[in-house]
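Computed over heavy atoms, backbone and side chain alike; hydrogens, waters and symmetry mates excluded. Residue numbers count from 1 along this sequence.
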Amino acid sequence: MPVPDPSDDPLSRERAHLTHSRAALRSMREDVESLDIRDVTANWVNAEVLTRQIDERVKALADLSHTPLFFGRLDYLHSPGADQAEGAEGERFYIGRRHVHDADGDPMVIDWRAPVSQPFYRASKKNPLDIALRRRFGYTGGDLTAYEDEHLSDPADSAGDAATSKLLQQEIERPRVGPMRDIVATIQPEQDEIVRSGLGGSVCVQGGPGTGKTAVGLHRVAYLLYAHRDRLARTGTLVIGPNASFLHYIEQVLPALGELEVRQATVADLVAHVEVRGTDEAPAAVVKGDARMAEVLRRAVRSHVTMPVEPVMVVRGSRRWRVPAYELEVIVRELLDRDIRYGAAREALPQRIAHAVLVQMERSGEAPDDRVQDAVARNTAVKAAVKTLWPPVEPAKLVLRLLSDADFLATHAEGILTEDEQKTILWSKPVRSVKSAKWAAADAVLIDEATDLVQRTHSLGHVVLDEAQDLSPMQYRAVGRRCTTGSATVLGDLAQGTTPWATRSWEEALTHLGKGDAVVEELTAGFRVPTDVITYASRLLPHIAPGLTPVASVRENPGFFEVRPATADTSGTAATEVVAACEELLRNEGSVGLIAADARVPLLAEALAAAGLPYLGPGEETTLTTRLTLVPASLAKGLEYDYVVLDEPRAVVDGEPDERTGLRRLYVSLTRAVSGLIVTHAAPLPPQLAEGAGAL
């Protein structure tokens with residue numbers, strides 16, 4: 001029997017292309033590593049900068065063994081067009097996470113963000129976009145093991161609908177072990193439209209659990225860095241998440257796409273002007289987070305300005321120049337009317353006074369120049385006048401006085417905050433200094449607002465704000481200050497708002513952010529949460545977000561879902577059933593999350609330890625031996641696990657200050673599972689979970 005020619009086997013040919021592509025990528029990396037910069041740098045500073053750039057380029061060209069170099073192929077019918085000149089008639093493009101070229105510069109893999117790659121995500125039987133064939137690849141580890149073709153331009157082929165792609169479905173439903181991964185191989189058309197929207201406009205994405213809104217936001221950053229790299233390299237990008245655990249969970253997505261320089265932070269990180277050591281009761285936090293506090297702070301800052309009662313006498317040599325009080329008042333009022341930053345106005349004031357002196361000099365026949373004006377502005381008498389009329393303001397001290405001095409607060413909150421609201425935010429005990437104060441998180445945001453009133457906050461080119469629904473109006477303002485001259489991608493779900501000040505509408509939130517013209521997009525197709533799970537959780541929607549469109553799962557695998565009544569033991573934890581459920585789910589491949597009301601976490605931790613089940617905390621990376629994570633319900637937002645055990649839904653609801661917030665926390669907890677969910681309860685379930693329960 002003759003030996004079959006490997007060239008006749010499509011899978012063998014694709015594997016060969018993968019091998020050659022990896023070799024080409026290795027050569028690209030070696031070329032960068034071999035660069036000799038000794039003769040091209042003028043000094044050590046340039047050498048340091050260039051060395052760093054080379055190191056970053058080497059890291060970006062890393063061949064990650066667990067990440068496929070390409071995941072798709074496009075066969076064009078014709079040349080893609082003049083605006084995509086790299087294409088030729090009948091040309092073939094392999095689509096991957098980064099660009100790879102051979103020794104002659106010919107592309108072997110095209111970056112998924114390139115215009116010629118767009119039909120991989122947008123083409124369909126109804127609109128093939130000049131694509132003859134779209135091929136998807138399946139991998140096991142780093143080995144190419146399968147492919148699937150869609151003949152989009154062949155009317156006789158009915159298999160060209162991406163929704164029927166088994167490889168696509170398998171990739172979506174693949175078990176999740178470890179941190180969040182990119183979705184670059186499975187981006188859907190409606191997601192791609194958001195990802196590729198321009199840098200000039202802001203976008204708000206309303207998306208229920210499992211709709212991929214976080215991934216869309218991160219891939220949008222990657223796309224913008226590709227399309228506008230020079231601009232964003234100058235202005236910077238930032239991803240803001242709700243907590244450190246969440247940021248740890250998503251931190252590998254952008255590096256896997258070759259983007260290594262995007263900063264990640266929480267809102268608390270942005271406003272860390274003071275050490276936060278205290279906490280607020282909910283009513284105080286709500287008032288401090290209200291947008292009206294911005295006007296209270298503005299009044300308090302501007303109150304430091306005083307009108308002159310005496311003239312300024314400037315002595316230069318044998319001459320004396322007098323600026324009368326009424327003229328000084330005109331200067332001060334003009335600066336106030338301009339409503340510029342307090343610090344900028346303070347810096348302008350001595351120059352304005354000096355200019356008034358120069359006018360007098362010119363009238364007397366002298367011809368002073370700019371150097372004379374600068375000298376007058378530095379004159380002792382002028383500096384003394386500025387200190388009196390426009391004294392420096394320290395933001396933290398200002399907020400300290402507002403929160404500890406009832407009269408000072410009443411003066412500047414008159415007509416803005418009620419007397420009861422003022423009493424709510426006033427500290428019960430006097431505080432001596434900024435360092436000794438037990439600042440709460442909302443106080444730090446107030447200090448950030450005051451800081452911006454004094455000196456403008458640096459603006460970035462683009463900011464991604466995830467889990468935005470939980471921010472207060474003042475927190476939105478703090479984020480908005482970081483992108484006043486840039487754009488934003490806002491991600492969230494109104495149904496998952498679990499703070500007392502949770503967002504009521506995106507229109508209101510975007511106004512506080514300073515992006516009132518942002519486009520609001522809604523994602524309703526669920527790719528991660530099984531049908532039975534999201535259907536069960538959606539029973540809560542009429543009670544927590546009336547009118548919001550429920551997520552419709554598009555998964556073929558219905559997943560595993562079970563509600564198990566349990567019997568409380570002597571500890572009141574029903575620990576035996578909880579541990580048994582965890583052990584059962586750990587027999588499957590993938591990660592397991594045990595989610596419980598915060599107050600019950602210590603009891604369950606003891607039960608797991610007694611049963612010999614090792615576990616991790618939220619955000620910690622799972623290992624082959626430890627795949628169970630114990631998650632307080634307050635930290636579950638944004639996290640996903642293959643399987644989830646949810647302990648005592650009633651306790652999750654009761655752990656919040658009000659039922660509506662508690663039901664939203666329960667909605668979040670119910671929707672963390674990717675493959676299966678077991679709900680255990682000894683106490684009665686919340687009535688809102690009863691089938692067919694109506695809105696309150």
Side-chain angles (χ1 to χ4, degrees), residues 41-50 230-231 233-236 273 297-398 447-461 481-486:
T41 53
N43 52 55
W44 69 270
V45 175
N46 291 341
E48 286 288 333
V49 172
L50 191 54
D230 290 342
R231 178 176 172 183
R234 296 191 305 270
T235 57
H273 304 284
L297 289 165
R298 192 187 77 87
R299 289 183 182 181
V301 168
R302 290 166 65 93
S303 71
H304 289 75
V305 178
T306 59
M307 291 300 155
V309 294
E310 296 180 353
V312 171
M313 190 70 69
V314 176
V315 179
R316 283 186 58 81
S318 60
R319 302 292 300 271
R320 293 173 178 264
W321 307 98
R322 181 177 179 273
V323 182
Y326 72 84
E327 191 170 346
L328 292 173
E329 182 175 345
V330 170
I331 293 173
V332 170
R333 292 194 182 280
E334 285 179 350
L335 288 173
L336 285 173
D337 291 342
R338 289 183 59 191
D339 203 24
I340 59 178
R341 296 296 193 285
Y342 185 90
R346 189 173 190 274
E347 292 174 359
L349 181 56
Q351 289 290 336
R352 295 293 183 90
I353 296 174
H355 177 73
V357 173
L358 259 65
V359 169
Q360 294 184 33
M361 290 180 176
E362 291 171 347
R363 288 173 180 169
S364 68
E366 296 188 19
D369 55 19
D370 291 344
R371 290 174 299 177
V372 174
Q373 179 168 330
D374 290 339
V376 173
R378 296 191 301 269
N379 182 273
T380 302
V382 173
K383 290 195 292 185
V386 170
K387 187 176 182 179
T388 300
L389 301 176
W390 213 291
V393 171
E394 295 184 32
K397 288 186 176 180
L398 175 76
I447 294 173
D448 190 71
E449 179 83 26
T451 300
D452 185 70
L453 288 167
V454 174
Q455 200 70 39
R456 183 181 298 275
T457 303
H458 173 68
S459 176
L460 299 167
R481 285 192 283 279
R482 271 74 186 179
C483 55
T484 51
T485 58

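Here the straight-line distance linking atom CG of L460 with atom OG1 of T484 works out to 9.0 Å at 0.5 Å rounding. The structure places CD1 of I331 at 11.5 Å from CD of Q351, a figure rounded to the nearest 0.5 Å. A distance of 5.5 Å separates CG in L398 from NE2 in H304, rounded to the nearest 0.5 Å.
The pair E449-R298 does not count as a salt bridge, with every side-chain nitrogen at least 4.0 angstrom from each carboxylate oxygen. Salt bridge absent: D452 and R482 never bring a charged side-chain N and a carboxylate O closer than 4.0 Å.
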Step-by-step side-chain contact (heavy atoms from CB on, under 4.5 Å) determination, R352 to V386: CA-CA 11 Å; R352 295 293 183 90; V386 170; over 6 Å; no

Evaluation steps, side-chain contact (heavy atoms from CB on, under 4.5 Å), between V376 and W321: CA-CA 10 Å; V376 173; W321 307 98; over 6 Å; no

When you look at V323 and Q360, which way does the side-chain contact (heavy atoms from CB on, under 4.5 Å) test go after all the steps? CA-CA 9 Å; V323 182; Q360 294 184 33; 4.3 Å; yes

Determine whether E347 and I340 satisfy the following criterion, side-chain contact (heavy atoms from CB on, under 4.5 Å), listing intermediate values before the conclusion. CA-CA 11 Å; E347 292 174 359; I340 59 178; over 6 Å; no

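Counting only distance, with no hydrogens or angles, the side chain of D369 and the backbone of V372 share a donor-acceptor pair below 3.5 Å. Between the side chain of S459 and the main chain of T485, a donor-acceptor pair closer than 3.5 Å is present.
Paired with R341 under the rule side chain to side chain contact (heavy atoms under 4.5 Å, CB included), one option of R456, R346, Q455 passes, and it is R456.
Here the closest non-hydrogen pair linking V382 and A377 is CG1-O, 3.7 Å. Across L335 and A348, no two heavy atoms sit closer than the pair CD2-CB, 4.2 Å. Residue R316 comes nearest to A375 through the heavy atom pair NH1-CB, 3.8 Å, listed as atom of the first residue, atom of the second, then distance. Between H458 and T235, the closest heavy-atom pair is NE2-O, 4.2 Å. Contact record, P308 with L328: CG-CB, 3.5 Å, taken as the closest heavy-atom pair. For the pair L349 and L389, the tightest heavy-atom approach, listed with the atom from each and the gap, is CD2-CB, 4.3 Å.
The number of heavy-atom neighbours closer than 6.0 Å to CG of D337, taken from other residues, nucleotides and ligands shown, is above 12. Within a 6.0 Å sphere centred on CD of E394, other residues, nucleotides and ligands contribute 12 heavy atoms or fewer.
A tilted orientation is assigned to the rings of W390 and Y342, their planes being inclined by 30° to 60°.
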